[in-house]
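Reading through the structure tokens given below for one structure.
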Amino acid sequence: MLDIRLLRETPDLVKQRLAGRDAGLMAVVDEILRIDAARRAAETERQALQGDRNRNSKEIGFGRKNGEDTSAKEAEVKGIGQRIDQIGQEADAADQRQRELLLGLPNLPHEGCPVGETAEENPEIRRWGEVPTFDFEPRDHVALGQALGMIDFEAGAKITGSAFVVYRGDGARLERALISFLLDLHTREHGYVEISPPLLVRAEALVGTGQLPKFGDQVYHCGEDDLYLIPTAEVPVTNLHREEIVKPEQLPIQYAAYTPCFRREAGSAGLGTRGLIRMHQFDKVELVHIVKPEESMAVLEALTGHAETVLQRLGLHYRVIELCTGDLGFGSARTYDIEVWAPGQGAYLEVSSCSNFGDYQARRMNLRYKDEAGKNRFCHTLNGSGTALARLYVALVETYQQADGSLLLPEVLRPYFGGERIG
RNA sequence: GGAAGGGUGGCUGAGUGGUCUAAAGUACCUGACUCGAAAUCAGGCGUGGGGGCAACCUCACCGAGGGUUCGAAUCCCUCCCCUUCCGCCA
């Protein structure tokens, strides 16, 4: 959520920055400012009337104690009460409308964010390693996984539906090995505290991180209990500190969490994608930072580095791109995507998206810290995948396939898997 | 699922219709005393909104939302959460 004061004081700057995402947002800013002016006028009048009522009611109290007849005054104050109700309804309606519009407004792109309209304009920042070569025709993970009995799409479809999968035998064991490897790496070497959160959350948590109200159709909802399945661990983990004023010495906070993630992918063109690439349920290790504002840009670089380390240790070729203003996620001020090479796809797959949200989420969830001067300020929040498991699995299986159809696992995974070869 | 008891400032906790401007304690900050500290004493010390160039003024907030009333932390209704016990259960 953006600071209404920022809109009021520098409307042209806000409009110009939002226009990098979508020119239509400029009209929304004007609408919010119009409502804000009306809201404040109504609020000021309501407060004046409330002050009147408070004074008069107090006099009635004293008057009654002294045995005076206060009925005339009571009638007068009743009239004031009615006017308070009237003007109050106006003020509340404007307040609610203003909040709705503000919640629907995306974050301002950071000034360093490259301007562009589509994903084609995302600049590549760097590459690591090289596209692996094969002296045979590499197969894709679907063919490999089925041949090795690791992945069973039919079983997933049978018990749940399409875009759900069953991992089996060594396939399931490999996923478990990856999870342990990732959590150990981030907690032991990168200083994260491991979190295992609930997978069901209330609506407020989703409002806090920005999925609600705008993207409700992407989240599974359990109507009976009014709870939502998390689309990412970002939601429960960032919200651990919602409505808090953390002490400066608690910062920076950094959490790593392994969870399944559930996404409806409503209207997604890519849901027909073959294999594990886009699923309704997938596993992910998520990294979350809560920091002081002045540190957040440096932390974004560090966070991206932590995610990259995963691919380096696994010996997987990847590239890092930066999202341009038109492709930037709703709440993000600046984002790096990490894309791993998948030989069977002949393409790069997004396995991590590392974002600095600035104070956008913190404002939505009222997450603050007390600075050195004792003043309450909004924290900055960041998160990045470290990494998504399903696509990592794709790249791993396709990269480490052998001519005989078996998989030879990279060194780092062998102790976790309890072996070096599958098949 | 059933029963009971709760939810008040960072924390403990008083307050059952009107000087509540929420007592008191504690923690914290400043000052006094002291060589210094402790103890003691004095003062300060919540969040958000609105107004003002500003010192400041003002409104709201006692789990949330409604209601009754001239007036609600206090009475009524609905909901949420926590604790304890019982039942069921991995």
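So that the names make sense, note that chain A is the first sequence line, chain B the second, and so on, each numbered from 1.
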Pairing check on [N]: which nucleotide meets the Watson-Crick or G-U wobble criteria with it, both distances under 3.5 Å?
N	result
B/C89	none
B/C61	B/G46
B/G71	none
B/U40	B/A32
B/G7	B/C80
B/A55	none
B/U12	B/A24

- [ ] Among A/D85, A/D95, A/D92, find the one that has a salt bridge (Lys or Arg N to Asp or Glu O under 4.0 Å) with A/R46.
- [x] A/D92
Heavy atoms from C-beta onward define the side chain here; which of [options] lies closest to that of [X]?
X	options	result
A/N376	B/G50, B/C70, B/U47	B/U47
A/R55	B/G71, B/U19, B/C59	B/C59
A/K58	B/G50, B/C80, B/U21	B/U21
A/N54	B/G71, B/C59, B/C80	B/C59
A/T44	B/C70, B/U19, B/G51	B/G51
A/I60	B/G50, B/C70, B/U19	B/C70

When the distance from [atom1] of [X] to [atom2] of [N] is rounded to whole Å, what number comes out?
X	N	atom1	atom2	value
A/L367	B/U47	CG	C1'	15 Å
A/I4	B/G48	CD1	C1'	15 Å
A/R64	B/G17	CZ	P	14 Å
A/Q50	B/G71	CD	C1'	13 Å
A/D85	B/A60	CG	C1'	15 Å
A/E45	B/G51	CD	P	14 Å
A/Y369	B/U47	OH	P	15 Å
A/D52	B/G71	CG	C1'	14 Å

What's the gap between [N] and [M] when it is taken at their [atom1] atoms, as a whole Å value?
N	M	atom1	result
B/G63	B/U74	P	9 Å
B/A39	B/C28	P	9 Å
B/G67	B/C57	C1'	33 Å
B/G9	B/G48	P	16 Å
B/C33	B/A42	P	16 Å
B/C76	B/C81	P	22 Å

Parallel, tilted or perpendicular: which describes the rings of [X] and [Y], with under 30° parallel and over 60° perpendicular?
X	Y	value
A/Y393	A/Y167	perpendicular
A/H186	A/H190	tilted
A/H289	A/H306	parallel

Can you tell whether the side chains of [X] and [Y] come within less than 4.0 Å, N to carboxylate O?
X	Y	value
A/R97	A/E100	yes
A/R274	A/D140	yes
A/R242	A/E204	no

Open item on the list: Give the residues of residues 94-104 of chain A touching RNA chain B, defined as any heavy atom closer than 4.0 Å, sorted by residue number.
Closed with: none
Task: B/G50 OP1/OP2 closer than 4.0 Å to side-chain N/O of A/R8 - done: yes
Open item on the list: Just N and O in the side chain of A/R46: are any of them under 4.0 Å from OP1 or OP2 of B/G50?
Closed with: no
Open item on the list: Are there over 12 heavy-atom neighbours, none belonging to A/E121, within less than 6.0 Å of that residue's CD?
Closed with: yes
Task: Atom CZ of A/R168 with >12 non-hydrogen neighbours under 6.0 angstrom - done: no
Task: Most 5' of A/R5 and A/G61 on RNA chain B, judged by nearest nucleotide - done: A/G61
Open item on the list: Please compare A/K73 and A/R202 by the position of their nearest nucleotide in RNA chain B and report the one closer to 5'.
Closed with: A/K73
